[in-house]
**Student:** 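Would you mind keeping the following structure in view while I ask a few things?
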2 protein chains.
Amino acid sequence: MSENMHGNRTQVVTTRLRQMIVAGDLAPGQRISEREIGEHLDGISRTPLREAFKILAAEGLVTISPNRGASVTALSMAEVEDTIELLVGLEGLAAEPACARISEQDLAAIDELHQRMGAAYRAEQLMEYFELNQAIHQHIVDAAGNRVLSRVYAAECARIRRYRYAGNRRHERWDRALAEHQQILGALKARNGSLLRELLCAHHHNGWQISRALVEREFAADATVAS
Amino acid sequence: MSENMHGNRTQVVTTRLRQMIVAGDLAPGQRISEREIGEHLDGISRTPLREAFKILAAEGLVTISPNRGASVTALSMAEVEDTIELLVGLEGLAAEPACARISEQDLAAIDELHQRMGAAYRAEQLMEYFELNQAIHQHIVDAAGNRVLSRVYAAECARIRRYRYAGNRRHERWDRALAEHQQILGALKARNGSLLRELLCAHHHNGWQISRALVEREFAADATVAS
DNA sequence: TGCCGGCAGATTGCATGCAATCTTTGCCCA
DNA sequence: TGGGCAAAGATTGCATGCAATCTGCCGGCA
């Protein structure tokens, strides 16, 4: 099956490492030894691995220290908050054009995601719920039709994904978040840009208030491990 | 002086290549052969070069095609416009917090940049004027105190720097731009965030109207070369 | 003349070897 | 016993070699 493997080892390991970091399989701050991870990933050699590290470093997912190699980037609380503030701002920028430009087809697609998120909520499937939630927000941003905005939004989401996920472990807020999403969808369908912007902003504000404590606890745990 | 060169070749060539691309020494679309550029840059070997390419690709400055190597990313007009729209949006996001948080020291620093930009205008030094202009906008964004916002803004600026520069070749608008900057500085000093946001938005809108034709001509020229 | 197949040169993708640097261990001495 | 130093082992940084792929050219054929 995998006979012809010339030309995409770097690509493959970059994607796998990115997934592992974003999903939290590798803990923040954890050192990644070239040889060690290489043997763990199909016995890949060091060259494509090193290239993957450089890419992920440019994305902010790993940090490279000279002569000391790569480690999973450990963000500070301040950095996570700055990033979330930016993400909210970006969604705000997307709101008006998204309302103006979104197609019926994309509206239906988001609607379906919303339905599936509701199902995940009822089944109490955390991961599924979380990913659908993220997907909905990404789709709204995409609807604005600005490729660069979409790319930046996706990249910054990935960078802090692990931390936000930690902040969603408790589902106390899920029902309220669902209701807010319902409103958001309504504003989008009504093509009311300014309302959509306010709803999105409030949605994140509410969400972050709850998540924050959990994320802080996560930070404390990481600090313990790291010491 | 440069005896001990172990451990930063990748870093060095990445920086040099980035400068060359951003400044336009390498034309958009131009293929970059590993061996060729390696010999041109101190006879560096291919390994650090390839790592540099991966980094610059992640930044969007070069494009890597499988088995065909790296080339300077050639942006479409739409991509440049999307990026500028995003940059304006980001400045808009920065306006309020910048007004709220900027220190007298940073205000003075921006003021000095503004003075120097005026001097460059009178001396008709295009490059100097352009760079000071960019620096002022970056400082305003930085003043908002959101590191992530600053980083994203800087990265996207770099990506389209070459195109914007092309749009500034004519200095018909320089005097008006200077006057607008004066107003912008005033709003910042008065800590009037909403006014600052509007001024910034109008400033870019005006500027882009003028630049656009020149950038389009540049595109036409590039297309001719590329064909 | 125009098109297609295939061969040769060039180029990229990856593995590996060597040198420089870092880390750890263990010894010596106070 | 504790601190400091040195040497060995481990790890990264880079150069280079080889295999896979691409590009361009040339001859053959319709």
Side-chain angles (χ1 to χ4, degrees), chain A residues 1-18 20-21 26-27 29-59 61-74 225-227, chain B residues 1-18 20-21 26-27 29-59 61-74 225-227:
Chain A
M1 54 178 193
S2 58
E3 293 302 309
N4 190 351
M5 285 299 286
H6 190 84
N8 54 356
R9 278 166 164 75
T10 299
Q11 182 79 295
V12 168
V13 301
T14 303
T15 303
R16 279 189 71 178
L17 282 174
R18 188 187 292 115
M20 290 171 76
I21 294 170
L26 298 169
Q30 180 177 336
R31 176 105 168 266
I32 314 177
S33 155
E34 293 176 358
R35 203 167 307 264
E36 188 180 338
I37 199 77
E39 283 170 11
H40 192 265
L41 263 53
D42 301 327
I44 205 87
S45 93
R46 292 172 54 221
T47 303
L49 261 176
R50 288 176 56 78
E51 294 183 354
F53 286 162
K54 301 291 184 187
I55 293 170
L56 296 172
E59 292 175 9
L61 292 173
V62 316
T63 303
I64 297 179
S65 320
N67 290 317
R68 306 209 29 219
S71 53
V72 181
T73 299
V225 170
S227 66
Chain B
M1 55 177 190
S2 58
E3 293 301 310
N4 190 352
M5 285 299 286
H6 191 85
N8 56 355
R9 276 165 166 76
T10 299
Q11 181 80 292
V12 168
V13 301
T14 303
T15 303
R16 279 189 71 179
L17 281 175
R18 190 187 292 115
M20 290 171 76
I21 294 170
L26 297 169
Q30 180 178 335
R31 176 105 168 266
I32 315 177
S33 154
E34 293 175 0
R35 202 165 310 261
E36 188 181 337
I37 199 77
E39 284 170 11
H40 192 266
L41 264 52
D42 302 327
I44 204 88
S45 94
R46 292 171 54 219
T47 303
L49 260 177
R50 288 176 56 79
E51 294 182 353
F53 285 162
K54 300 292 185 188
I55 294 170
L56 297 172
E59 292 175 9
L61 292 173
V62 316
T63 303
I64 298 180
S65 320
N67 289 316
R68 304 208 29 220
S71 54
V72 181
T73 298
V225 170
S227 65

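In what follows, chains carry the letters A, B, and so on, assigned in the order in which the sequence lines appear, proteins first and then strands, with residues in each chain numbered from 1.
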**Student:** Heavy atoms only: give me the nearest A:R68-A:R31 pair and the separation to one decimal.
**Tutor:** O-NE, 2.8 Å

**Student:** Can a donor-acceptor pair be found, under 3.5 Å and without considering hydrogens, that links the side chain of B:E51 to the backbone of B:P48?
**Tutor:** no

**Student:** Between P on D:dC14 and CZ on B:R50, what's the gap in Å once rounded to a whole number?
**Tutor:** 15 Å

**Student:** Separation of B:N8 atom CG from D:dA15 atom P, in whole Å?
**Tutor:** 11 Å

**Student:** By nearest nucleotide on DNA chain D, pick out whichever of B:R35 and B:G43 is the more 5' one.
**Tutor:** B:G43

**Student:** Please state whether the phosphate of D:dG13, meaning OP1 or OP2, lies under 4.0 angstrom from any side-chain nitrogen or oxygen of B:T10.
**Tutor:** no

**Student:** Using whole Å, what does the distance between atom P of nucleotide D:dC14 and atom CG of B:L49 come to?
**Tutor:** 11 Å

**Student:** Using the closest heavy atom to pick a nucleotide of DNA chain C for each, name whichever of A:P66 or A:T47 lands nearer the 5' end.
**Tutor:** A:T47

**Student:** Within the supplied structure, the quantity of interest is the number of heavy atoms (other residues, nucleotides, ligands) at a distance under 6.0 Å from A:Q11 CD; does it exceed 12?
**Tutor:** no

**Student:** I want to verify a distance call: between D:dT21, C:dA15, D:dA15, whose nearest atom is closest to the B:R9 side chain?
**Tutor:** D:dA15

**Student:** Measure CG/B:L41 against P/D:dA15 and give the value in whole Å, please.
**Tutor:** 12 Å

**Student:** Spell out yes or no: do the side chain of B:R68 and the base of C:dG13 have one donor N/O and one acceptor N/O closer than 3.5 Å?
**Tutor:** no

**Student:** If I take atom CD in residue A:E36 and atom C1' in nucleotide D:dT12, what distance separates them, rounded to the nearest angstrom?
**Tutor:** 14 Å

**Student:** State which of D:dT21, C:dG17, C:dA15 makes the closest approach to the side chain of A:R46.
**Tutor:** C:dG17

**Student:** Expressed as a whole number of angstroms, how long is the span from B:R31:CZ to C:dA10:P?
**Tutor:** 14 Å

**Student:** For the residue pair A:T73 and A:T63, confirm or rule out a side-chain donor-acceptor distance under 3.5 Å.
**Tutor:** yes

**Student:** Rounded off to whole Å, could you give me the NZ-to-P distance for the B:K54 and C:dC14 pair?
**Tutor:** 7 Å

**Student:** When the distance from CG of B:N67 to P of C:dT11 is rounded to whole Å, what number comes out?
**Tutor:** 14 Å

**Student:** Would you kindly check whether a donor in the side chain of A:S33 faces an acceptor in the base of D:dT12, or vice versa, at under 3.5 angstrom?
**Tutor:** no

**Student:** Can you check whether B:S45 has a side-chain N or O nearer than 4.0 Å to OP1 or OP2 of D:dA15?
**Tutor:** yes

**Student:** Taking everything shown except A:E34 itself, do over 12 heavy atoms lie less than 6.0 Å from its CD?
**Tutor:** yes

